[in-house]
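A short write-up of the structure that comes next.
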Amino acid sequence: MEWHLQPRKKDSKVSNRIERDSPGNDVERDHSPSGSGFAGAGSVDMRLLTHNLLSSHVRGVGPRGFPLRLQATEVRINPVEFNPDFIVRMIPKVEWAALLEAADHLHLIQVPKEPIQGYEHNEEFLRKMHHVLLEVEVLEGTLQCPESGRVFPISRGIPNMLLSDEETET
Amino acid sequence: MNSFTSHMKIRLKIICLRRIVMDSNHQSNYKLSKTEKKLLRKQIKARHTLLRHEGIETVSYATQSLIVANGGLGNQVSRNQLLPVLEKCGLVDALLMPPNKPYSCVRYKTVEESKTAYDTLNGKEIVDDLGQKIILYLNFVEKAQWKELGLQALPPGLKVIEEIISSEDEKMLLESVNWTEDTENQNFQKSLKHRRVKHFGYEFHYENNNVDKDKPLPGGLPDICESILEKWLKEGFIKHKPDQLTINQYEPGHGIPAHIDTHSAFEDEIISLSLGSEIVMDFKHPDGMTVPVMLPCRSLLVMTGESRYLWTHGITPRKFDTVQASKGHKSGIITSDVEDLTLNKRGIRTSFTFRKVRQTPCNCSYPLVCDSQMKETPASFPESDKEALQLEQDYVHRVYEEIARHFSSTRHTPWPHIVEFLKALPSGSLVADIGCGNGKYLGINNELYMIGCDHSQNLVDICRERQYQAFVCDALAVPIRSGSCDACISIAVIHHFATAERRVAALQELVRLLRPGGKALIYVWAMEQEYNKKKSKYLRENRTSQGMKEEISNDASVQELLVKQLPNVGNQDSAHSVSSINDFQDGGCNSKNVANSKLPIHTNRTSFHSQDLLVPWHFKGNPGKDKRVEPFGPLGSRDPGPVFHRYYHVFCEGELEAACRTLNNISILQSYYDQGNWCVILQKV
């Protein structure tokens with residue numbers, strides 16, 4: 001099974017070419033999984049791991065507000081230093097169906113349907129998940145509540161989830 | 001400090017002995033003469049002062065760079081006095097003269113030349129710009145370092161148009177001003193202590209910083225001004241024809257306190273012509289950024305938009321300005337390049353400030369500093385959720401959006417206990433910072449996956465620039481799926497909610513996000529700023545603070561720590577487990593809030609007298625320039641500058657805990673007081 005995480009269609013812009021990290025390749029840009037620190041220049045936009053945590057808070061939708069439907073007009077790949085332990089710990093926390101759906105909307109090919117047996121020791125799998133969860137960033141796009149249809153914008157990498165006064169009124 | 005001083009003394013003794021051994025002049029004399037001893041003492045003192053007050057570390061071995069103590073712009077030594085003295089000892093690579101500092105830094109081409117300077121110039125007497133004797137003390141430093149303050153841009157909407165009038169016209173305008181007429185005119189100021197002022201078109205009243213629109217002054221603007229203004233309009237330098245003129249004359253030593261021209265008095269475009277002498281005018285943004293702008297002779301300053309409505313402008317009362325040394329004063333920003341600064345003696349400057357009087361209330365985009373738009377009725381204690389929302393919008397959200405820009409991480413020290421909490425979390429934890437502000441805590445522990453959220457778009461922008469994951473949302477409706485977080489933090493957030501119900505709702509959200517077993521850390525401002533007979537840093541810091549403490553003077557939540565651990569209240573009896581927060585609140589603190597009562601405005605750096613209040617937030621300025629100016633006598637004193645009011649509900653002892661206990665699925669792990677804050681660590685069961 002070949003894993004090429006490349007966009008299928010031309011309409012989503014990708015700023016950087018996707019590089020496969022070779023083992024021991026210290027990616028200078030970012031030194032931590034959470035993207036903290038000033039190692040690299042520039043900013044960090046919304047990652048898929050973050051998207052996986054977001055849920056609509058429109059009144060009354062509750063758990064039916066997850067996952068938010070992701071549409072992106074501008075995406076980029078931002079290399080992050082690979083930390084296998086971190087990825088191993090993250091895998092159980094990921095809502096897989098939501099991740100698959102988001103990856104699909106970003107036209108990322110071939111994300112596995114579920115974690116592989118013995119994934120803790122499968123470096124190839126972990127590197128792929130690392131890439132999907134942490135290295136794919138959305139700069140411009142929208143998040144839509146699946147239940148109410150309410151659309152939240154993602155602008156300059158930042159989702160704005162504020163509801164208007166009328167929407168928050170009891 | 002004792003061990004430090006004695007350590008220094010020992011070091012210097014060794015150096016001295018080394019010097020004496022090497023110095024052939026002293027032959028076998030190991031004892032220092034009285035003057036030499038004195039010089040050494042002063043040199044040690046200079047090293048000590050540089051380290052303690054400026055953070056500059058001097059070294060005892062020879063290097064290319066020297067700190068020249070007492071030879072600085074801050075003590076009236078200009079570049080063209082110091083440089084020749086230094087050049088006598090060798091080739092000077094660079095001379096850095098930071099503004100307002102009593103020292104400079106010189107880098108020689110070779111170490112030998114530097115050593116020569118060190119040996120010959122230590123204790124050297126020179127004369128400063130005011131003709132006073134100065135003694136220089138030199139010490140080696142590793143390298144001539146200076147932290148760049150970063151690129152500055154002119155305040156938006158600001159223009160300086162140079163040479164807009166000819167020297168002849170300048171002379172004519174200056175001569176046309178008759179300062180001696182009308183001694184009964186209250187605008188004529190006899191005292192030489194203060195600047196002189198004259199008004200045309202409309203009289204400007206300094207008591208309320210406004211004009212009387214119904215009483216225009218007879219005569220309008222002087223004819224010569226009318227023709228000059230017509231010319232400027234035609235040439236496109238200005239867009240509107242002013243109808244009010246204020247002429248100010250500043251002698252060296254005069255200034256004007258930082259202010260914004262009253263919004264309701266004048267329209268957008270305010271222009272000022274500088275005659276007779278150049279000057280440096282300081283522009284300050286509410287978040288503290290200061291931009292010094294040079295106004296050359298015969299230049300026209302045009303202030304529109306943000307520079308007119310939001311930034312304050314002022315002139316520091318002093319006799320010298322720090323300006324660019326390189327040839328040809330350029331108008332615009334004074335460089336922060338310390339290799340190119342020197343002092344400029346002020347002359348008498350006359351300004352012609354032209355403005356157009358507003359006839360309707362101001363409707364600018366800067367409501368927080370607008371006298372037309374700020375609510376006439378003072379804020380009152382909210383009686384409904386809707387009122388609470390509006391109060392928070394006006395007195396929390398709008399303020400943070402205004403001051404968010406230029407928030408810098410280097411100015412905020414993360415609090416140790418919060419750092420401790422984050423560092424103790426297991427690797428790979430998912431952590432949410434609800435109300436993350438500028439992301440101070442998002443990068444503390446690289447082993448965590450932290451996401452931040454805040455109501456302020458501007459603050460979240462800063463988080464993104466700092467490479468953190470953050471989004472914009474309301475803390476009462478956090479768009480994160482339930483039970484997904486291993487931990488949450490809420491630092492100095494919940495005290496901005498205006499009703500008890502909303503505060504509990506915010507806590508509920510935090511708990512909702514946690515997985516079972518997950519922990520939350522909550523910090524809120526305490527009513528008790530003095531606890532266990534010890535005053536919090538907020539109360540102790542009762543004067544204008546300096547440098548990095550600048551931040552503390554306005555944000556009372558930022559303080560160093562002295563934790564007072566309360567006895568474990570987890571086992572308290574049912575006295576505290578009341579269902580209604582309001583009951584506990586009233587019983588615990590004895591400060592009842594009467595319905596419909598006005599929210600008091602707090603005096604900074606004093607104890608709190610009410611739980612619900614507005615805390616003033618002043619425009620931050622450069623500490624060195626913040627000297628209070630004497631009142632202006634009959635002209636009245638001007639406002640120190642606009643103030644933002646922020647709403648807070650400060651918590652009583654036990655109140656936060658009790659609020660947490662109303663949630664039935666948590667247990668309180670820790671409850672403590674941390675330098676003016678009540679803090680709780682809770683766990684979802």
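Source: prediction; values computed, not measured. Numbers restart at 1 for each chain; the letters A, B, ... are given by sequence-line order, proteins then strands.
The backbone N or O of A/V80 sits less than 3.5 Å from a side-chain atom of A/H130, completing a donor-acceptor pair. Looking at A/Q144, its side chain never comes within 3.5 Å of a backbone N or O of A/V151 through a donor-acceptor pair.
Using a 4.5 Å cut-off between heavy atoms, A/I154 does not touch chain B at all. Neither the backbone nor the side chain of A/D85 comes within less than 4.5 Å of any heavy atom in chain B. Using a 4.5 Å cut-off between heavy atoms, A/S56 makes no contact with chain B at all.
Here A/L54 is the residue among A/I87, A/L68, A/L54 with the most heavy-atom pairs under 4.5 Å with chain B. Counting heavy-atom pairs closer than 4.5 Å to chain A, the top-ranked of the candidates B/S484, B/A432, B/C473, B/C485 is B/C473.
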Tabulate below the donor-acceptor pairs under 3.5 Å that side-chain atoms of residues 88-95 of chain A make, not counting sequence neighbours, or state none.
residue	atom	partner	partner atom	Å
A/R89	NE	B/S427	O	3.4
A/K93	NZ	B/G428	O	2.8
A/K93	NZ	B/D486	OD2	2.6

Which side-chain N or O atoms in residues 505-512 of chain B pair as donor and acceptor under 3.5 Å with protein atoms at least two apart or in another chain?
residue	atom	partner	partner atom	Å
B/E509	OE1	B/V478	N	2.7
B/E509	OE1	B/R512	NH2	3.1
B/E509	OE2	B/R512	NE	2.9
B/R512	NH1	B/I480	O	3.1
B/R512	NH1	B/S482	OG	2.8
B/R512	NH2	B/V478	O	2.7
B/R512	NH2	B/I480	O	3.4

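Side-chain contact, A/S43 with B/E465: no donor N or O sits under 3.5 Å from an acceptor N or O.
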